[in-house]
Every structure is written in structure tokens, then in C-alpha cells.
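I have placed the structure first, in the form of C-alpha cells, so that the comments after it can refer back to it.
What you see is a predicted model, and the numbers here were worked out from it, not measured in a lab. As a basis for the values below, the full set of heavy atoms in this structure was taken, side chains included, without hydrogen atoms, waters or symmetry mates. Lettering of chains follows the sequences in order, A, B, ..., and the numbering in each one begins at 1.
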There are 2 protein chains.
Amino acid sequence: MKKIVIIGGCAAGPKVAAKSRRMDKDAEINLYTSSKHISYSACGLPYFIGDKVKNINNLLIRLPEDFEKENIHIHTKKTCEKILPEEKAVIVDGERVEYDELVLATGARAYMPNIKNSNLKNIFTLRFIEDGINIKRIAQVSKSVLMVGFGYIALEMLEAFLRNNLKIYVVENGKYPMSAFDIELREKLYKYITENEGKNVEFISQDTVVEFIGDDCFKGAITKRGKEIRADFCFVSTGVRPNVEIAKQAGIEIGKTGAIKTNNRMQTNIEHIWAAGDCIQKNCIITKLPVHITQGSIANKEGRVCAINLNGGDEVFDGILCSTATKFFDFTMSLTGITEKRAKSIKNIVGIEPVSVIVNKLDKASYMPDAKPITIKLIADKKSGKLLGAQGCGLGDADKRINVVTSALQKGMTVDEFLHLDLTYTPTTSGTIDPLLTASYELKKLIDE
Amino acid sequence: MKKIVIIGGCAAGPKVAAKSRRMDKDAEINLYTSSKHISYSACGLPYFIGDKVKNINNLLIRLPEDFEKENIHIHTKKTCEKILPEEKAVIVDGERVEYDELVLATGARAYMPNIKNSNLKNIFTLRFIEDGINIKRIAQVSKSVLMVGFGYIALEMLEAFLRNNLKIYVVENGKYPMSAFDIELREKLYKYITENEGKNVEFISQDTVVEFIGDDCFKGAITKRGKEIRADFCFVSTGVRPNVEIAKQAGIEIGKTGAIKTNNRMQTNIEHIWAAGDCIQKNCIITKLPVHITQGSIANKEGRVCAINLNGGDEVFDGILCSTATKFFDFTMSLTGITEKRAKSIKNIVGIEPVSVIVNKLDKASYMPDAKPITIKLIADKKSGKLLGAQGCGLGDADKRINVVTSALQKGMTVDEFLHLDLTYTPTTSGTIDPLLTASYELKKLIDE
């Protein structure tokens, strides 16, 4: 009877457990997590805080008892302290647990930058269910919040805080929020926020918090430029870091990105130790360069592949396209592949010559009264003619267009091929020339120049 | 100075004219159409009739004077009677017009089945701007309508008639409407219509109209099964037929589908005669079989390719994926590639072994309060593992998923490749496992069996 031990309980870990059970009826499966909850949607927390999702239990996809029914043993609030690869064992809260196959799904944690007094109370990051409950509680009784950093989670939290009628101060390094996108789309988002929520949201751009103020509790912050901001509590979202400490200590190879390195079968460099999810490094299909990106959807795929291989099957996962999406009220932002900024920064390393176009168009036929403006940016390599990435934003349906490019990127489609795409057409979903095709016609001109 | 003569003024014709002008500043370009209007969106007519689009002028994308500004001469209400290929001339309303290059963009017309008394007044089909105006006028003063046939246009007209508060009788050959789709999706649509509009819409299924009643004006109809239906006017939408009469007479090759045959550069078998749009036969990329499908989006692409080649460029159009979409209030239906029914009917001809799955899932994360149910059907070839087609329907965002498959089909993607797709993810646009991926996991099981 095979002993499978899984460390981590958010997305990849439970996936490995469930899929392993389907592949091996007899295996002894134990999952350990330091958290109180397992199999929860961390991505749903902003919607719980914003009260669109009323009950926190809705974010718990599967409960420990659901797993127990399948004879999968869930151990919450148990911390794995050490891996002993030569003994094929782990130490969990002082106790020795043996494994035949070990899966590290230790995830990532919110990164707290080096700011003076960051140990004050009422300074929050968001990762666990408990974080969500605590933030919702304070948001409901507060009048103002300081947000430090502005990426995906911050954008969704901005909506959540606005739904709690808070006055919001945002301190951001860049000129515009959302540095994952190219500048043109970041500017559109910034304009949308300031034009629609300007009186409730104050941006302190191109600045950094250097010190938090308060005795026991957070009361405010001072920025590098000397600005003092007062607020009732603080939300920090300045990226994440993979949880790799026990892996490192055990001699498991860490990649350039700081995350665990696996092969495309989810194996680490140590036999019988596998890894999946937010703690591992991924391969970008476009650039073939390593990246560290955290996404529940990717963790799920890696968990699946890991379970198949761990249980004697054969499946490979060749990498990701860095696809992401987010939404601020009705304004959506999506991207797939690489941005122009990224393409330019690595062009000599990977041997590409990036060209790009931006198209502003309606998402439906122009005469439809509910047509909304969207912006599509397409990036391609002038040398090979291949698409490199796409970004979309706007009030209309931009997200649906970006996923069309995702398929195209997966197969290395050229712009010449893409512009013939027979996309569905009806006036309620697009004009006769879809914005994606308009963009590809423009892009072809640049490639042919 | 090259003389370009274009016959037809809806989508492909004006596209060839405009693109030719951009490629050749000096060419003499003359466009003849028997209609009163050019460059109009016929697809928008149901929304004009349903009064979502208030002004008919909004459907006129470009006016004759817009073309005249570019020195393109538009001749409306002029019928081309004959082509004289050996003289490189056409006869337009008795007048001889010479060409260097001739483009046939004669379109298609509504098909009127062989029903007794079909020449009565107040029996309408929909193709031209005038049809739209006439139907809107009568819909606004009537109480009831009989609809004969039920495809894409009919579904959109059903909404338009409901917006005019009409009682609607639908006579349809099949058990369920929309025969372009597989039965499971047709049943979902039927249920949606009957559950939501049941008291206003009466389906007379698996029956056919054999006779219209009335002296001068339509008053009702008798069906094959002997049912008599009374209504104020009648709307017939039983498909379209390509306008190929003058082409045929001139010796231009007609394909198996009854439409004009061209090569992938939009050339007919007669030198200096080109064709594009609804009058030509298309190549299905999946089956390599000829099809006749009418879509403004395809006409546009063909017009572009035709103009490029006609003006000395070099571009090919390898075919279509039969992608379509339609909407009935909030219920959307989309398809790309081939249906299971079609796949089964041609499996021996093209050497495939079709397998399919249906997935019913929410379009967003399950805990989002605005998540809506969608149905996704995926079809693949068990022999090659390649995707063959996809269909989607529901209140949620099914259409966006179908276009992801469009890209995949264009590049011959296998199910094994598709299930690793890094689709964008955020709770407001999808669950961690997108319905498309759920479907592809299921499909893989059938392929691997």
C-alpha cells in the first residue's frame, strides 16, 4: 500500500489528493496543512470582503469531511518542519511521518516589504480565509484605508473597500497601477478609477511607504517623498513569495525565480519528492524562460499532472502563458503571453523583434445600443511573424478576446494565420470585423514593413 | 488605368472597392447593385425591427457619398443582366460596361419554399433594408405573426416580434428549432423559449406549411398535418440561396453546393473574373469539404483577399470553420467547427471517428452571485485526437468559450494539447477549472478508452 504524503491544502494539494484516490483505491493518503482550512478559494476573498459573497463558507470548495469520505486524511493546523529525503520521512509538529511519495504544495505567502514598524496591528495582507474575515470585520467599522502596492489583488480589494464605503489612499511605485500590463492599458484603468471613483480614491503615485506610524495599532504612514497619510487600517499587497524553506533545507533544487524547480512531470531533483502549485517555478511557453506566477487555475493543472505521474501514469505539463484576468466593477483587464515591456526587456536573450498595435473599438456592432468600448493590444515577433501576447481592457467584453489568443499562442500561431480566424459573428457579440482581427491587420502591416 | 467592376453592394463588394482603392490610387472603380442601399448590415435588421436600433440609418455602415469621396463610383438600383467574358464586359440595365477585372459579390437571397399561394401580400422574407422597414411597419400594427422555418434569423426575429408584443406561431420541420446545432443544445433553447415566453409563442413542431390562405393578403396557413393557423402576417426564413444565375450563364463554374466555385485566391475559373461573399462556396477547414454559409464576417475576409490578389498582391484564404453565434434575449448560442451530427454523417467520407461530451457548468466561480449556467459541447476525432468542433449555449458567457476553440481548430489542436490551455482566470470570469477544460478532460477519457 503506497503512502502518499501531501504538504499544503489550498489548490494543488487537494487536487493531488483527490486525483490520486481516483487512480489508486488503496493508497494511504495524508494531507497536512498549517492553515485551519483546506481547498478554499483565496481568489474569492475580495468578493467576500466586498460582501458580494455573503457567507465565507461559500469559499470552502470542499471540506475535510468530504475528503475523509474518500479515505483521504486531512490534518489541518499541522506544520511540516522538515523533510528527511534519505529516510523518506517528514517531521510534522515534531512527529515523524513516513512517505513513499511526497508532494510539496506549500504555496506562496504575501510579501511584506521592509518598512519600519510593519509589525503594528491593523496592517493586513491577504492569503488565508482568516485574513479575509479579519479585513472584512475592520473594513465594516472603519472610514479609511491605506493601500500599499497595486496589482491584481489590490484592484479587486479596491472594489471591495469601495463597497464598504471607505476613503482609500493608494501608494504605488509606478505612475499607474497594475504593472503586469503595458502602460497604455494601465493608463486606461487609472483614468477609469479616477473619473468614476475620484472622490473616494486618492492615488499617491511614484512614491513608497518608508514608515508606518502608530504605537500599538497602525495610524498612518510616511512616504519617501515625505507625505504623511492617516488611515484607520492598512492593506499591503506587494507581491508574493513561494514557500520553499523546508524544500531548500532538504536539498531540493530552487530555480532562478526563487521557487522550487521541477521537470514537466512535476518531479523535483530528489526522487519520490514532487511539487506543484504556487511554490514551484513555471516555464513560459513563449520565451522558454522560467517565471513564478501564482494562479489557482495553474495549480490545479499541475496538481492533476503530478497525481497522474505519481500514480504510474504519464502526463507532461509544458508550461504556461502567464494568462490572467481581473475586474474592477464593470472594467475588465486580461492578458495572455508576454507584454511589450517584457518582450523588449528579453528580446536579445530570446532573439525576438517585438512589434505591437493598440486598437480601440466597440465590443459589439457599432449600432447596438449596448456596445461598449474595449482596448486590445497585440504583440508579435517581426522576425518569425508569430504572436507573442495580447492584452485587453475596457467596459465591453475584452476578456473573451484574450482567450482566443491564448489558444493561438499555445500552437505558435503567426499573425498571418490569425487574421483569417473565423470567429463567431452576430451583432450582439461583435462587429463583422472583430477588434482582434482589426488589430491583427494592423500588426501585419508592421511585420511586412 | 485599370477598370475594376464590382457587382453587389452589401459586404464583400464594398470591401473589395475600398481595399482596391487603398492598393491602387488610379484604378477606375465602379460598383453596381440592384438594391437601393450599399454597405449595410443586414444582420442588424432584427434589432431595428425589435426597436433596439431606433434609426434605420444606423445600419448603413457607409453611404454612396463616402465612397465617392474616394473616387469609387456607386450605382444603386442597377441590375447586372449578363456577363460577356470574351469581351470583358457586363450588361447593366441594357448598358455595356467594360472591365479589366470583374468581381462578383452578388450575395444570396432568402429562399421561398414551394408553398401554395406564396405570392400573397404580407408574406415576408428578410434580406434588404426595405424588408426590414416593411416588417417593422406591419409588426407595429399587428397582433400576431406566423413564422415558417426556424434558424438563426428566425431566432433573432422571434425576439424582435416579442418586443413588438405579438402572439407568435412557429411552424418547424424539426422537433426543436435551430437545426445547425446538435439536439442537446436545441432542446435547451426550446425549453428556455417555452418556459419564458410560452404564453406568447406557440410551436407547431415536426410539421410543414403546405398552403397559405387569403385572397389578396395573407390570412393564415394550413400545415401538412392539417392544422389551420390564423395570423396577421407571415415571416418565412427557410434558408438562403446564392445568386449565381448570371455567373452560370457566363460559364463560371458552380460548386457542389450550388454556389460559385473559386480558388483560395478568390478567382473563378474564368480569367479576370473574381468572386467573394455570400455567392461563393467555401472550404471547411476541418473536413476539407465544400460548404455554403453566409456570414458578413466571412464576406469581409474574402473581399479583403480578393482585393489584394486582384491588385497584384498575394494572399490566400484557406477556408472557414463555420463559426456562428446568435442570441435570444440573454440566451446565447455559438458554434465553431462541425457538430456531432455532421461529424457522424461524413465520418466515412473524411475518415474520422467522432466522440463528444456535454458539460453543464457555471460561467463564473460557483460562489459568485451572478454566475450563470452554460452548456458546452466538444467534439473530437478519436483516431487523431484532434478537436472537430464546439458548441455553447446558456445565459452565461458561452460565446467567449467557443472562440477559444476556433483558434484551436485553425491550428488542428488535439484534446491533449487543449486541456493544458492556460486560460485567464479570475472568479468573475471563470472557475479555476473552466467549463472548456472540464469538457476536454472528459473528452480525453473517451479518446483514451
In terms of heavy-atom pairs under 4.5 Å with chain A, the winner among B:I320, B:I61, B:I285, B:V305 is B:I320
Is the shortest side-chain heavy-atom distance between B:T428 and A:Y47 below 4.5 Å? yes
*Just by distance, do the side chain of A:N403 and the backbone of B:T424 share a donor-acceptor pair under 3.5 Å?*
yes
One option among B:G296, B:S334, B:S366 has the most heavy-atom pairs under 4.5 Å with chain A, and it is B:G296
Looking only at atom types and distance, does a side-chain atom of A:D422 sit under 3.5 Å from a main-chain N or O of B:T406, one as donor and one as acceptor?
-> no
- prompt: Does a side-chain heavy-atom distance below 4.5 Å link A:I433 with B:K15?
  reply: yes
Is there side-chain contact between B:L421 and A:S407, with heavy atoms separated by less than 4.5 Å? yes
> Are any non-hydrogen side-chain atoms of B:T429 and A:K327 less than 4.5 angstrom apart?
Replying inline: no
Turns out that what part of B:R304 lies under 4.5 Å from chain A's heavy atoms comes down to side chain
Ranked by heavy-atom pairs below 4.5 Å to chain B, first place among A:L409, A:N300, A:L423 goes to A:L423
Whether over 12 other heavy atoms sit under 6.0 Å from A:K386 NZ
no
Apply the test side-chain hydrogen bond (donor to acceptor under 3.5 Å, both in side chains) to residues B:E156 and A:T426: give CA-CA distance (whole Å), side-chain angles for both, the deciding distance (0.1 Å), then the verdict. CA-CA 10 Å; B:E156 290 160 12; A:T426 186; 3.2 Å; yes
Ranking B:L436, B:L321, B:N58, B:L437 by heavy-atom pairs under 4.5 Å to chain A gives rank one to B:L321
- prompt: Would you say the side chain of B:Q410 lies within less than 4.5 Å of the side chain of A:H420, judging by non-hydrogen atoms?
  reply: yes
For B:C43 and A:P427, the nearest pair of non-hydrogen atoms, with its separation, is O-CG, 3.4 Å
Rounded to the nearest 0.5 Å, the NZ atom of B:K301 sits from the OH atom of A:Y441 at a distance of 6.0 Å
Scanning both residues in full, the closest heavy-atom pair of A:P369 with B:K52 reads CG-O, 3.3 Å
* Asked: So, does B:Y367 use its side chain to make a donor-acceptor pair with the main chain of A:G44 at under 3.5 Å?
  -> yes
Under 4.5 Å to a heavy atom of chain A? For B:A408 that would be both
Bottom line for A:D397: the part with an atom under 4.5 Å from chain B's heavy atoms is side chain
When the 4.5 angstrom heavy-atom criterion is applied to B:D370 and chain A, the contacting part is side chain
If one checks every heavy atom of B:K444 against chain A at 4.5 Å, the contacting part turns out to be side chain
